[in-house]
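Take a look at the structure below.
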Amino acid sequence: MTDTHIPADSNEIFEERRQKLQKLRETGWSYPNHFRRSHVALELHVAHDEKKPEELETTRIHVAIAGRMMLKRVMGKACFATLQDMSGRIQIYVTADTIGQAELDRFKQYDLGDIIGVKGFLFKTRTNELTIRAEHLILLTKSLRPLPEKFHGLTDLEQKYRQRYLDLITNEAARKVFSTRSRIIQSLRTFLTKRSFVEVETPMMHPIPGGAAARPFITHHNALEMDLFLRIAPELYLKRLVIGGMEKVFEINRNFRNEGLSTRHNPEFTMLEFYEAYSDYHDLMNLTELMLRNVTQEVTGSLKISYQGHLVDLEAPFQKFTLCEAIAHYHPSHTFENLGNRHYLEEQLNRLNITFSSTDGLEKLQVLLFEETTEHLLFNPTFIINHPAEISPLARRNDNNPDITDRFELYIAGRELANGFSELNDAEDQAARFAEQARQKEAGDQEAMIYDADYIRALEFGLPPTAGEGIGIDRLVMLLTDSPSIRDVILFPQLRPE
RNA sequence: GGGGCGGUAGCUCAGCGGUAGAGCACUCGGCUUUUAACCGAUUGGUCGUGGGUUCGAUCCCCACCCGCCCUACCA
């Protein structure tokens, strides 16, 4: 392919590099792919950084590495360059003595960003830096566009998100966030599979959106001539699997919600959902504590972590409050008696400019007050328990008070991280609650659920007593990597087209 | 959706009514142990887009586009 197409954003540097590429082609160079490396940079540092210069002189160690040239220092007849591969960086030293004048002259033409392969032997420089003395050098890929500035890297947030590869090339911190993300997911997966949970994949395209209160994305299947919804939650499918006898299942996958974007919301986000038969929401809270301590310790090496300058302590037992207990604990002026008084709640919400509906139940008003006054204060892990049935259409009713449910939400660093409950396995109650949701949808609530007759039929075969939970993976990654925005932990966050 | 801030060279950033600046990168020259190498000389711009005000606009005004932050819905 030697088309002469000139990109719209061409510039002088680009043109010079295209001309270099053209000359290379004329010498027969054609993106060689036969080069094989013996090591990555980090392996060499680990094995040889501590060796004395004489050691490396007496027994020559020959290696082959490849990587992107990030720094280059030409000093007449000798050159240093720094190559970067997946593991890190290592310096190479190039002189005519070892590779010949012709090869040295070619090397001088290589640009920052070019990908090269080097064979040579290790030595230590005067400043004791492990370096490869090049004996053979080959250009593997010509880079036509100049890299971002070598010292500051890429700082423009828009460009970091749109051209993540540049962020990854130039910012070590970005690379680290995404390798940590991988380790977090691996840790959760191992934790669950060790406890006999089976990992499954359920549909992303749903004929009926369900399992959460949210507005869905709509797509269309041509052959079936039907609209489908990108899933807002896998919940109802995972519970069908429990009915089918998969008593411990989990899924780590994407959910899609057609709502606003923010530093904490991306339209597609990753959720861990897991279901365990013959357990209840108390069991899941215990399991959650264990799992979060395990992943935090594995990934950060500590149970006391710092998030945006605030200490978060995952070592102490997680706090447990009902909604009203939490409000009263952080705002003693709101007494229990007051919080049970509709008139008082309406007065407080009006004072805070919170809009609510006259049809909202007492518990819904308490939730609104909690979200406004208390949620952001829950820095250390805190379970908020026993949410009103009104806003929990899939959760089992509490045995002592049918208006509340056996449910919890886990808050860390002032935001919701997990949501779990004892599952509603009374098919008739579930049918009634779907019917109520359908009424609310009719009344204009766009996030209310749709009556799912297929799910009711499944429930009618019998769902064992089960507890289930969802954990927002992106938010967990934010917490454990101290990232302020969800866009920092999603490789390609949603942006408007350029 | 509302409010605030921003968009100037490939990148990082100054400038703010009077011919557009620096560092890095690029090009050329010098330099055989450099470290964001260094020294010297160059090159590089529809100042986000479109209108308006003005003798003159990157700068002031208006609209729009894109981004970030806060806020609202939500996880």
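Residue numbers start from 1 in every chain, and the chains themselves are labelled A, B, ... in the order their sequence lines are given, proteins ahead of strands. When reading the values below, keep in mind they use all heavy atoms of this one structure, side chains included, and skip hydrogens, waters and symmetry mates. Nothing here was measured: the structure is a model prediction, and the numbers come from that model.
Among B:U32, B:A25, B:A75, the nucleotide with an atom closest to any side-chain atom of A:I13 is B:A25. Ranking B:U34, B:C73, B:G67 by closeness to the A:Q91 side chain, first place goes to B:U34. Looking at the side chain of A:V74, the nearest of the listed nucleotides B:U32, B:C31, B:C66 is B:C31. Looking at the side chain of A:T125, the nearest of the listed nucleotides B:C69, B:U33, B:A25 is B:U33. For A:E149, taking side-chain heavy atoms from C-beta onward, the closest of the listed nucleotides B:C73, B:G23, B:U32 is B:G23. Among B:C68, B:C11, B:G44, the nucleotide with an atom closest to any side-chain atom of A:Q159 is B:C11. Out of B:A37, B:C68, B:C66, the shortest distance to the side chain of A:L71 is found at B:A37. Residue A:F269 has its side chain nearest to B:A75 when only B:C68, B:A25, B:A75 are considered. Across B:U32, B:C70, B:G23, the shortest atom-to-atom separation from the side chain of A:T263 is found for B:C70. Out of B:G67, B:A25, B:A37, the shortest distance to the side chain of A:R73 is found at B:A37.
Protein atom CD1 of A:I486 is 8 Å distant from nucleotide atom C1' of B:A75, rounded to whole Å. With rounding to whole Å, A:M75 atom CE is found 17 Å from B:G29 atom C1'. In this structure, A:F256 places its CZ atom 15 Å from C1' of B:A75, rounding to the nearest Å. The NE2 atom of A:H152 sits 9 Å away from the C1' atom of B:A36 (whole-angstrom rounding). Summarising the geometry, the separation between CG on A:L157 and P on B:C5 is reported as 18 Å, rounded to the nearest angstrom. When rounded to the nearest whole Å, the span between CG of A:D114 and P of B:A25 equals 15 Å. Put simply, NZ on A:K160 is 15 Å from P on B:C11, counting in whole angstrom units. Rounded to whole Å, atom C1' of B:C24 lies 15 Å from atom CD of A:E12.
In this structure, A:R487 and A:E371 both approach RNA chain B, and ranking their closest nucleotides by distance from the 5' end singles out A:R487. Residues A:M271 and A:E372 both approach RNA chain B. Their nearest nucleotides, taken by heavy-atom distance, put A:E372 toward the 5′ side.
Between B:A75 and A:R475, no contact under 4.0 Å exists linking OP1 or OP2 to a side-chain N or O. The side chain of A:R415 contributes no N or O atom lying less than 4.0 Å from OP1 or OP2 of B:A75. An OP1 or OP2 oxygen of B:A37 is reached within less than 4.0 angstrom by a side-chain nitrogen or oxygen of A:K150.
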Subject >> Worked verdict on A:K142 versus A:L24 for side-chain contact (heavy atoms from CB on, under 4.5 Å) >> reply: CA-CA 9 Å; A:K142 185 70 194 159; A:L24 284 165; 4.0 Å; yes
Original post:
When you look at A:E103 and A:R106, which way does the salt bridge (charged side-chain N to carboxylate O under 4.0 Å, His left out) test go after all the steps?
Top reply: CA-CA 5 Å; A:E103 192 57 52; A:R106 274 196 291 277; 2.6 Å; yes
Subject >> Test log, rule salt bridge (charged side-chain N to carboxylate O under 4.0 Å, His left out), inputs A:E409 and A:R407 >> reply: CA-CA 7 Å; A:E409 287 183 322; A:R407 177 180 174 188; 3.2 Å; yes
**OP:** For A:H48 and A:E55, run side chain to side chain donor-acceptor pair (under 3.5 Å): C-alpha distance rounded to whole Å, both residues' side-chain angles, the deciding distance at 0.1 Å, then the answer.
**Re:** CA-CA 10 Å; A:H48 306 296; A:E55 271 183 85; over 6 Å; no
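Residue A:R215 is classed as having no contact, given no heavy-atom separation below 4.0 Å to the nucleic acid. Nucleic acid contact class of A:L104 (heavy atoms, under 4.0 Å, all strands): none. Across all strands shown, A:D445 has no heavy atoms under 4.0 Å from either base or sugar-phosphate atoms. Across all strands shown, A:G470 has no heavy atoms under 4.0 Å from either base or sugar-phosphate atoms. Within 4.0 Å of A:Y161, counting heavy atoms only, lie sugar-phosphate atoms of the nucleic acid but no base atom. In this structure, A:L495 reaches the sugar-phosphate backbone alone: every heavy-atom distance under 4.0 Å involves primed, P, OP1 or OP2 atoms, never a base. Heavy atoms of A:R89 sit nowhere under 4.0 angstrom from any nucleic acid atom. Counting any heavy atom pair closer than 4.0 Å across all strands shown, A:R496 reaches sugar-phosphate atoms only and no base atom. A:D156 comes within 4.0 angstrom of the backbone, heavy atoms only, and of no base. If you check every strand for non-hydrogen atoms under 4.0 Å, A:N255 touches nothing. Residue-level contact check: A:G260 touches the bases, meaning some heavy atom is under 4.0 Å from a base atom.
One C1' atom belongs to B:U43, the other to B:C61, and the distance between them is 37 Å to the nearest Å. The same atom, P, is picked in B:A37 and in B:U49; the two are 34 Å apart, to the nearest Å. Separation of the P atoms belonging to B:U58 and B:G51 is 13 Å when rounded to the nearest angstrom. Between the P atoms of B:G30 and B:C68, the separation comes to 47 Å (whole Å). Taking atom C1' on both nucleotides, B:C69 is separated from B:C31 by 49 Å, rounded to a whole Å. With C1' as the reference atom, B:G3 and B:G18 are 36 Å apart, rounded to whole Å. Comparing B:C24 with B:U19, their C1' atoms are spaced 26 Å from each other, to the whole Å. Comparing the C1' positions of B:G21 and B:U53 gives an interatomic distance of 27 Å, to the nearest angstrom.
Side-chain polar atoms of A:T131 and A:Q91 form a donor-acceptor pair below 3.5 angstrom. Counting only N and O atoms by type, the side chains of A:E273 and A:Y275 include a donor and acceptor under 3.5 Å apart. Looking only at atom types and distance, the side chain of A:R68 has no donor-acceptor partner in the side chain of A:T141 under 3.5 Å away. When only modelled atom types and interatomic distance are considered, A:R231 and A:N255 share a side-chain donor-acceptor pair under 3.5 Å.
The partner of B:C5 is B:G67, by the rule that a Watson-Crick or G-U pair needs both atom distances under 3.5 Å. The nucleotide B:A41 finds its pairing partner in B:U27, both defining distances of the Watson-Crick or G-U wobble pair being shorter than 3.5 Å.
Residue A:E129 places no side-chain atom within donor-acceptor reach of the base of B:U34, judged by atom type and a 3.5 Å distance cut-off alone. Not a single donor-acceptor pair, N or O on each side, falls under 3.5 Å between the base of B:U33 and the side chain of A:R126. With hydrogens and angles ignored, no donor-acceptor pair closer than 3.5 Å exists between the side chain of A:T155 and the base of B:U12.
Within 6.0 Å of atom CZ in A:R60, 12 or fewer heavy atoms from other residues, nucleotides or ligands are found, so the atom counts as exposed in its surroundings.
Of the possible donor and acceptor atoms, one in the side chain of A:E251 sits under 3.5 Å from a partner among the backbone N and O of A:T202.
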